[in-house]
Participant: 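Here it is: the structure, laid out below.
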Amino acid sequence: MWTSQNWRACPIAQAPGYPDAAWIGERTRQVDGAHVAFLRGVANPLGLKCGPSMPPDELMALIDVLNPSNEPGRLMLITRMGADSIGAKLPALVRAVQREGRRVVWSCDPMHGNTETTASGRKTRDFNRIIDELRTCFAVHCAEGSYLGGMHIEMTGKDVTECVGGAQRIDESTLADRYHTHCDPRLNGSQALELAFLVAEELRGARWAMPLAA
């Protein structure tokens with residue numbers, strides 16, 4: 001079992017017992033920044049968040065720094081672009097990685113790019129937009145001959161009301177019923193199960209679309 005954590009505070013993150021796999025966030029991924037400089041010397045697997053503002057040349061520079069030997073399994077690229085941006089922004093990144101022969105694992109974070117604040121000041125996420133980003137991510141990878149190898153989902157098995165939408169039809173007026181998060185809004189157990197079934201459908205479709213080995 002591997003644990004993962006955003007590498008926000010370098011001194012704290014050096015403490016024993018910290019996660020097996022660290023990831024660099026969207027706001028701390030500067031090529032010449034402290035987080036990249038520290039993690040380039042860590043042997044553990046790494047994750048790199050890729051938002052809609054990341055151009056292909058910056059991504060390639062980060063890959064060269066974090067995985068200079070092009071080691072398989074060393075680096076996971078976690079896209080978090082939002083449902084409105086991923087269809088336009090992701091293809092160029094996938095093409096650049098493939099053109100340069102970089103060996104990475106692609107993952108999708110459909111949560112953070114779809115966070116919004118309600119009129120009452122609560123952070124929430126729209127379940128339908130989460131699904132839209134995931135589906136578009138699957139479609140882009142399929143179209144580009146690539147594969148989506150993971151997902152970053154924030155969820156709980158509890159019956160909270162933090163993300164709107166889904167089969168329960170949670171809306172802004174019912175968010176306060178069981179809004180328990182102290183940080184980011186999470187999918188509840190029902191929404192997470194609904195998402196799992198939708199992802200299973202995408203995986204079945206992707207399997208049939210995969211080219212057969214010669």
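All values derive from a computational prediction rather than experimental measurement.
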Participant: Do D171 and S173 have a side chain donor and acceptor closer than 3.5 Å?
Facilitator: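 Per modelled atom types, D171 and S173 side chains form a pair under 3.5 Å.
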Participant: Examine distances only and state if a side-chain atom of T79 and a backbone atom of S107 form a donor-acceptor pair shorter than 3.5 Å.
Facilitator: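 A pair under 3.5 Å: yes.
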Participant: Quick one: does R102's side chain have a donor or acceptor within less than 3.5 Å of a partner on D64's backbone?
Facilitator: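 Looks like no, no N/O pair under 3.5 Å.
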Participant: Looking at Q191 and G165, would you say the former's side chain and the latter's main chain have a donor-acceptor pair under 3.5 Å?
Facilitator: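 Side chain of Q191 to backbone of G165, a donor-acceptor pair under 3.5 Å: yes, one is there.
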Participant: Salt bridge or not between R95 and E144? Use side-chain N to carboxylate O under 4.0 Å.
Facilitator: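 Between E144 and R95 there is a salt bridge, with a charged N closer than 4.0 Å to a carboxylate O.
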Participant: Give a yes or no answer on whether the side chain of T136 reaches the backbone of G87 with a donor-acceptor pair at less than 3.5 Å.
Facilitator: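 No: the side chain of T136 does not pair with the backbone of G87.
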Participant: If you compare all heavy atoms of F127 against all heavy atoms of L195, which two are closest, and at what distance to 0.1 Å?
Facilitator: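 Minimum heavy-atom contact is CZ-N, 4.0 Å.
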Participant: Test of understanding: with side chain to side chain contact (heavy atoms under 4.5 Å, CB included), list the residues that count as partners of K158, not counting sequence neighbours.
Facilitator: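 Side chain to side chain contact (heavy atoms under 4.5 Å, CB included) check on K158 returns T156, V160.
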Participant: Do R122 and E172 sit within salt-bridge range, that is, some charged N less than 4.0 Å from a carboxylate O?
Facilitator: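 Salt bridge: no.
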Participant: Are any side-chain N or O atoms of E162 and backbone N or O atoms of H180, one a donor and one an acceptor, separated by less than 3.5 Å?
Facilitator: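 Judged by distance alone, yes, a pair lies under 3.5 Å.
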Participant: Test of understanding: with side chain to side chain contact (heavy atoms under 4.5 Å, CB included), list the residues that count as partners of V105, not counting sequence neighbours.
Facilitator: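 In terms of side chain to side chain contact (heavy atoms under 4.5 Å, CB included), with neighbours along the sequence ignored, V105 is linked to M76.
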Participant: For side chain to side chain contact (heavy atoms under 4.5 Å, CB included), just list the numbers for V140 and L148, CA-CA rounded to whole Å, side-chain angles, deciding distance to a tenth of an Å, and then say yes or no.
Facilitator: CA-CA 9 Å; V140 168; L148 182 62; over 6 Å; no
Participant: Less than 4.0 angstrom from a charged side-chain N to a carboxylate O is my criterion; do R135 and E202 meet it?
Facilitator: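 Yes, this pair counts.
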Participant: Who passes side-chain hydrogen bond (donor to acceptor under 3.5 Å, both in side chains) against D84, sequence neighbours left out?
Facilitator: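 With neighbours one apart ignored, the set is R129.
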Participant: Determine whether a donor-acceptor pair (N or O, by modelled atom type, separation under 3.5 Å) exists between the side chain of Y147 and the backbone of C142.
Facilitator: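 Flag not set: sc Y147 to bb C142 has no pair under 3.5 Å.
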Participant: Looking at E116, E133, E154, which one forms a salt bridge (Lys or Arg N to Asp or Glu O under 4.0 Å) with R125?
Facilitator: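 It is E154, the one option of E116, E133, E154 that forms the salt bridge (Lys or Arg N to Asp or Glu O under 4.0 Å) with R125.
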Participant: So do the side chains of M151 and I78 get within less than 4.5 Å of each other, counting heavy atoms only?
Facilitator: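 M151 vs I78: side chains apart.
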